[in-house]
Undergrad: 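Mind looking over this structure? Questions follow.
Chain A is the first sequence line, chain B the second, and so forth, proteins listed ahead of strands; every chain is numbered from 1.
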There are 2 protein chains.
Amino acid sequence: MADDNEQHLRWGVRRRLEFIDFRLFWEGRFNRKALADGFGISSQQASADIAQYESMAPDNLSYDAALKAYVRTANFKPRFIGQSTDRFLLQLAAIESDWMRKEDSWFDALPPAEVVGLSSRKTDPGHLLAVLDAIRNRLELKVEYHSMTGSAAPARTIAPHALAHSKGRWYARSWSREHNDFRDYSLNRIQRVFDPRPCPVDPKLDFEWAHTINLILVPNPALTEERQKAVAGEYEMTNGERKVPTRLSLSFYLMSEFNLDVEEGKLAPEKQQLILNNRTEVEQARAAARQMSKEALARGPRVTTQPSPLARP
Amino acid sequence: MADDNEQHLRWGVRRRLEFIDFRLFWEGRFNRKALADGFGISSQQASADIAQYESMAPDNLSYDAALKAYVRTANFKPRFIGQSTDRFLLQLAAIESDWMRKEDSWFDALPPAEVVGLSSRKTDPGHLLAVLDAIRNRLELKVEYHSMTGSAAPARTIAPHALAHSKGRWYARSWSREHNDFRDYSLNRIQRVFDPRPCPVDPKLDFEWAHTINLILVPNPALTEERQKAVAGEYEMTNGERKVPTRLSLSFYLMSEFNLDVEEGKLAPEKQQLILNNRTEVEQARAAARQMSKEALARGPRVTTQPSPLARP
DNA sequence: GTGGTTCCGTCAATAAACTAGACGCGTTGC
DNA sequence: GCAACGCGTCTAGTTTATTGACGGAACCAC
């Protein structure tokens, strides 16, 4: 019956009950003021919400007059939030990395936490917007790329068709008019975007993007047998290997991130815990796809069908 | 005057206006049904919300009867969302990495996007919960660590006091009763947690965590002059170097992530674009801090003041 | 101890937000 | 040309939330 009620709850009320659940689960406590302030409701309404929560999950909380707060009981069971750690940790990382404002989360006191990494230049919203519109409506754009030399960067014409993320950076997978092939352009190196217009090139010709291959990862045999087993467990391998389906164009990033592109033996095995078993296969497949794209693009004819403006992809 | 109104909006209404803003900005279009479904309101109320949005930002949208949707106009200016790219990209990455459900975001159609990385075992919510409670209330826990050998892992007693994130993994910075020093424990290798009890060790003695040092990063001189300039720009260096304040205990992760812990010349310069200029200083500082912690811990007396249960840190 | 403060809870009256059902209007697709 | 769909709007009625007032429990400073 309680489950029945749950469906009838209005969106706003449900969010507030989730908030109570969230705070109890992760922080063990909350008080009425936090609820009222967080959602801009009166304290009376907050009381009513708490009463409702209690009626639906009586054993979850009790009021501690000394702490002036509601506290989680020992046999607490989350009632409204799917108890996903990921949401919690994601938000924590996002706040620590300044991607998100603390007020937009449901945290009160953040646990002491630190995120390792190098913060990078932010992406300009207008540029991302232009890229997204281009992807959706199959447009090409003129862009100026961040030039370090101070000299005026020549404008390039690119037609983005997908986004990719690696090592904290976002890339726009794009056709390049100048080179007549497909390449990656780092979003936050774009300095200026202008002159969007329909693009005749079919993104399906980007075979390096479209085709995937299984990277076959195994523990570095230079590690002790015990460490190898640990690595196998760490990366959830079965039969001593892990197959990772990867787009050909992205295999480079994954290889780079895990030092799979370094000759075996060159690095200390602890710095190269994984070995790519089918490296030549991957590299050949990638080169072949690249060649196929080039030939298809050179051959033309370029595709003619155009989606209507602002239509869904 | 409009700004005045904005403050009076109720939380739920404001969220819906933000939703309209978000969709218009990032996807260029939305319709009434999306609003009604997303927030569980009636179509009448959705119409009312749209009318209100239009009254507050008349030039932002127009209805396209052919598309059966509201579309963004050329001179659109976001009115309710701070136009932060980060929120957009963060959610995109989160959804792509399965950290977040699409329904919890405001996306309609996701742009084609891919996140490079190896998915890892999920962290058990109960374990994270126990660790967080331990951090807040200064407890020690018995944990069983994931053992690859199949043999029963001996329980260890740890007292976590902070979280750290690196390369997709979360670590609990903890005092170890067995070793009587401070170490990192990977959250998703914890198999079982039990027997929490107050811990007499003061986390302030973890000098490797408390002390920070500036890592001084410079472009790898083995790169061409032009590439060096590009790297300097890419990492926002001033005077050819970037100072990155880092906790001593985390310097290892940062060094590992950017191959700063590899001898110069061993790797192709493209795989080692950054060089750590003060590596020996960092390593000495770290070793010194570690030694200080050990001595302080060995010396005792262990700290006596205890925060009350469930009190804020 | 005593007053002052700050939490909480509740009652009653009022205002705002929202829903249900019904109707008309324009566009699209068969 | 007709059904289907999405939008806008009207009325009446319900739910949700606010304002204002009052009282209880715990804590702090004096």
Undergrad: Quick check: on DNA chain D, is the nucleotide nearest Gln45(A) upstream (toward 5') of the one nearest Ala65(A), or the reverse? Name the residue that is more 5'.
TA: Gln45(A)
Undergrad: In whole angstrom, give the distance that lies between atom CD of Gln52(A) and atom P of dG9(C).
TA: 14 Å
Undergrad: For a 4.5 angstrom cut-off between non-hydrogen side-chain atoms, does Thr123(A) reach Trp170(A)?
TA: no
Undergrad: Taking atom C1' of dT16(D) as reference, at what distance in whole Å does atom CH2 of Trp11(A) sit?
TA: 15 Å
Undergrad: Considering the options Trp175(B), Phe182(B), Tyr185(B), which one meets the side chain to side chain contact (heavy atoms under 4.5 Å, CB included) requirement together with Ile158(B)?
TA: Tyr185(B)
Undergrad: Quickly work out the Asp49(A) CG to dT15(D) P distance and round it to whole Å.
TA: 16 Å
Undergrad: Salt bridge check: are Lys204(A) and Asp206(A) linked by an N-O gap of less than 4.0 Å?
TA: no
Undergrad: For the pair made of CZ in Arg10(B) and P in dT16(D), what is the distance, rounded to whole Å?
TA: 12 Å
Undergrad: Are Asn60(B) and Arg72(B) side-chain neighbours, meaning at least one heavy-atom pair lies under 4.5 Å?
TA: no
Undergrad: Got a sec: does the CH2 of Trp106(A) have more than 12 other heavy atoms crowding it under 6.0 Å?
TA: yes
Undergrad: The test is salt bridge (Lys or Arg N to Asp or Glu O under 4.0 Å); show your working for Arg197(A) and Asp195(A) and say whether it passes.
TA: CA-CA 6 Å; Arg197(A) 57 180 61 187; Asp195(A) 196 17; 3.2 Å; yes
Undergrad: So, Ser105(B) side chain and Lys102(B) main chain: donor-acceptor pair closer than 3.5 Å or not?
TA: yes
Undergrad: Grab the N/O contacts between the protein and nucleotides 3-9 of chain D below 3.5 Å, and write none if there aren't any.
TA:
{"unit_1": "dC5(D)", "atom_1": "O2", "unit_2": "Lys68(B)", "atom_2": "NZ", "d": "3.2"}
{"unit_1": "dC7(D)", "atom_1": "OP1", "unit_2": "Arg32(B)", "atom_2": "N", "d": "2.7"}
{"unit_1": "dC7(D)", "atom_1": "O3'", "unit_2": "Tyr70(B)", "atom_2": "OH", "d": "2.8"}
{"unit_1": "dG8(D)", "atom_1": "OP1", "unit_2": "Tyr70(B)", "atom_2": "OH", "d": "2.1"}
{"unit_1": "dG8(D)", "atom_1": "OP2", "unit_2": "Ser47(B)", "atom_2": "OG", "d": "3.1"}
{"unit_1": "dG8(D)", "atom_1": "OP2", "unit_2": "Tyr70(B)", "atom_2": "OH", "d": "3.0"}
{"unit_1": "dG8(D)", "atom_1": "N7", "unit_2": "Arg32(B)", "atom_2": "NH1", "d": "3.3"}

Undergrad: Return the 5'-most residue of the pair Ala66(A), Ile41(A) with respect to DNA chain D, ranking by each residue's nearest nucleotide.
TA: Ile41(A)
Undergrad: For Tyr53(B) together with Phe80(B), are the ring centres under 6.0 Å from each other?
TA: yes
Undergrad: With a 4.0 Å cutoff (strictly under), does any side-chain N or O of Arg16(A) reach OP1 or OP2 of dA17(D)?
TA: yes
Undergrad: Salt bridge check, Asp21(B) against Arg79(B): does any charged N sit closer than 4.0 Å to a carboxylate O?
TA: no
Undergrad: How long is the line joining CG of Asp64(B) and P of dG26(C), in whole Å?
TA: 16 Å
Undergrad: Can you give me the bend angle of the helix from dG1(C)-dC30(D) to dC30(C)-dG1(D)? Use the axis through the first five pairs and the one through the last five, nearest 10 degrees.
TA: 40°
Undergrad: What is the distance, to the nearest angstrom, from the CG atom on Leu35(A) to the P atom on dG9(C)?
TA: 11 Å
